[in-house]
Amino acid sequence: MVSIITRNLTKSFGDTTALDSVSLKIEAGELFFLLGPSGCGKTTLLRHIAGFYTPNSGHLFFDMQEMTHIPAHKRNTAMMFQSYALWPHMTVAKNVAFGLEERKVDKPEIEHRVSAALETVKMSQYAGRRINELSGGQQQRVALARALIVRPQALLLDEPLSNLDAKLRTEMRAEIRRIVKESGLTAVYVTHDRAEALSSADRLAILNKGKIIQVGTPTDVYRNPRSRFVADFIGDTNFIEGTLEGDTSREHLYSIATTHGRFWARLPEGAEPPQRDSRVALSIRPECVQLAPHREPRNTLHGRISDVIYLGDTAQYVLETDGGEKIRIAEMNPTGALSPGDQAVFATAKPDDVLVLDAIPATASPIQ
Ligand code: ATP
């Protein structure tokens, strides 16, 4: 396993800047996710690591070794795509063996490694089956075995689960994590599915318009997004605009004046405090808003429930405030007592669950 380092990696295609001075360190043995909206540069970055693209400027290292201009076939990486690129009429064993046959490895060694790789992905009993006789999930396991058998220094996965249905995706993302960890690989995984990244990553980078916007563990990025863009991209959230009145001098909380009254909120960890009197946006996730019996002196919203989606374990409400804003609320273990209508309610959120972010609206638009 290797660490993968990019330093100011920049790549343009005509007028499009696909990567804009990307600097990143992926630790050896890490399962690292690249997450971002369509066209943000995820695949372009992965292809630079694989060696399919050369940057216009910047550098790429595997550990201490400069790889920027080393061709793909000399990098010892393995790539897995969303279309698994398997040969449909060949057997599973033949497909998995292919990479080693190309490298003229001895036959007994190939047999040994094929059987070990199939065991890792729990496909030993299908060795003699043809690919077109397998389900999508089984084909994906074969593609993983084929990538692993060459003993790559890094495994590169480009939206590997997008052809699978939702249930199989959930199952396979756990399997990919298990296999990557058991094999002791550095793995870089591209997706635009936040649930995939949050559930499986050691760390992740969020990209937008060719730039890295934030890097961190799933909990850190979810709980401490440092911009509206990240808060909105990594999960559902409500934004309320307001003016920063100042530090409340209580447990690092800030006081913000909004049309709903005063809110106390915290800064995301690592964020620079905004200036007093500046416009800010408060981010409050639906699961952090609780219905309340009465108005609190601060952090209170008032309005009517305009929509209810009951899902058994949770319910999703829309609270339409007196000013006409729509606030989404998620309630665990709902009693089902609320229904849309004229019912006036209060809702509140703990200061620790309200984040002070920049006022600039989140734009998840792809590169033009
Ligand atoms: P998606 O999630 O849709 O796959 P992505 O984040 O992987 O998107 P990239 O495929 O890296 O995005 O593309 C980044 C930008 O570079 C896009 O605007 C894309 O149109 C452009 N681009 C990528 N490859 C090429 C190419 N070979 N020629 C011209 N433009 C390209």
Side-chain angles (χ1 to χ4, degrees), residues 1-26 28 30-87 95-96 98-103 139-140 142-163 176 180 183 185-192 196-197 204-205 207-212 366-367:
M1 62 171 105
V2 286
S3 61
I4 299 168
I5 298 154
T6 69
R7 202 173 294 153
N8 301 326
L9 216 60
T10 297
K11 179 74 171 178
S12 299
F13 298 105
D15 293 341
T16 304
T17 306
L19 294 182
D20 190 353
S21 199
V22 168
S23 295
L24 186 65
K25 181 169 186 198
I26 299 168
E30 211 173 15
L31 174 50
F32 193 94
F33 275 63
L34 301 175
L35 182 68
S38 184
C40 70
K42 306 179 292 289
T43 298
T44 305
L45 179 54
L46 199 73
R47 288 177 155 262
H48 276 84
I49 298 171
F52 300 143
Y53 290 153
T54 320
N56 298 110
S57 59
H59 302 271
L60 171 78
F61 300 88
F62 286 179
D63 290 335
M64 305 293 276
Q65 196 185 349
E66 169 123 34
M67 303 299 284
T68 319
H69 298 287
I70 305 284
H73 67 275
K74 292 196 175 151
R75 290 198 183 189
N76 198 16
T77 59
M79 186 120 169
M80 198 177 140
F81 305 94
Q82 43 184 278
S83 61
Y84 315 125
L86 300 168
W87 287 279
N95 268 277
V96 175
F98 185 79
L100 296 184
E101 284 170 355
E102 286 273 280
R103 291 171 197 211
Q139 289 184 32
Q140 209 233 15
V142 177
L144 252 177
R146 194 183 52 180
L148 295 174
I149 202 167
V150 298
R151 294 182 180 154
Q153 286 186 302
L155 178 65
L156 310 176
L157 304 127
D158 193 356
E159 305 254 9
L161 305 182
S162 51
N163 286 343
I176 289 181
V180 164
S183 312
L185 285 166
T186 308
V188 189
Y189 189 128
V190 162
T191 185
H192 58 260
E196 226 163 278
L204 54 98
L207 285 88
N208 191 31
K209 299 182 178 175
K211 284 184 191 292
I212 301 232
I367 297 170

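Bear in mind the structure is a predicted one, so any value in this text is a computation, not a measurement.
Distance alone, capped at 3.5 Å, is enough to place a donor-acceptor pair between the Asn56 side chain and the Ser12 backbone. A side-chain donor-acceptor contact under 3.5 Å links Lys42 to the backbone of Gly36. At distances below 3.5 Å, not a single donor-acceptor pair connects side-chain atoms of Glu66 with backbone N or O atoms of His59. Remark: side-chain polar atoms of Lys211 are not paired, donor with acceptor, to backbone N or O of Cys40 under 3.5 angstrom. Looking at Arg146, its side chain never comes within 3.5 Å of a backbone N or O of Gly99 through a donor-acceptor pair. Proximity of a side-chain donor or acceptor of Thr68 to a complementary backbone N or O of Leu60 within less than 3.5 Å is detected.
In this structure, Met1 and Ala28 approach most closely via the heavy-atom pair SD-C, 3.6 Å. Closest approach of Leu9 and Gly58 over heavy atoms only: CD1-C, 4.0 Å. Listed here is the closest heavy atom pair of Lys11 and Pro55: CD-CA, 4.2 Å. Ala78 and Ala147 make their closest contact through CB-O, 3.4 Å (heavy atoms, listed as atom of the first residue, atom of the second, distance). Nearest approach of Asn95 to Trp87, heavy atoms of both residues: OD1-N, 2.8 Å. Among all heavy-atom pairs drawn from Val22 and Gly210, the shortest one is CG2-O, 3.4 Å.
Inter-residue side-chain proximity for Phe13 and Thr44 is flagged as met; some heavy-atom pair is nearer than 4.5 Å. Contact check for Ser23 versus Ile212: no side-chain heavy atoms found under the 4.5 Å cut-off. Counting heavy atoms from C-beta on, the side chains of Val150 and Arg103 come closer than 4.5 Å. Counting heavy atoms from C-beta outward, Leu161 and Ile176 have side chains that approach closer than 4.5 Å. By the 4.5 Å heavy-atom criterion applied to side chains, Val190 and Leu45 are not counted as neighbours. When side chains are defined from C-beta on, Phe62 counts as touching Ile4, because their heavy atoms get closer than 4.5 Å.
For Phe52, there are no ring-ring contact (aromatic ring centres under 6.0 Å, His included) partners two or more places apart in sequence or in a different chain.
Remark: Arg7 CZ to Leu24 CG distance equals 12.5 Å, nearest 0.5 Å. Rounded to the nearest 0.5 angstrom, Asp158 CG and Met80 CE are separated by 10.5 Å. One distance of note links CG of Asn8 with CG of Leu19; it measures 12.0 Å at 0.5 Å rounding. Here the CG atom belonging to Leu155 is positioned 9.0 Å from the CG atom belonging to Leu31, to the nearest 0.5 angstrom. Taking OG1 from Thr43 and NE2 from His48, the interatomic distance works out to 12.0 Å, rounded to the nearest 0.5 Å. In this structure, Met67 CE and Thr77 OG1 are separated by 8.0 Å, a value rounded to the nearest 0.5 Å.
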* To do: Give the intermediate values and the outcome of side chain to side chain contact (heavy atoms under 4.5 Å, CB included) for residues Ser38 and His192.
  => CA-CA 7 Å; Ser38 184; His192 58 260; over 6 Å; no

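Ring geometry, Phe33 versus Tyr189: the interplanar angle falls under 30°, so the pair is classed parallel (tilted spans 30 to 60°).
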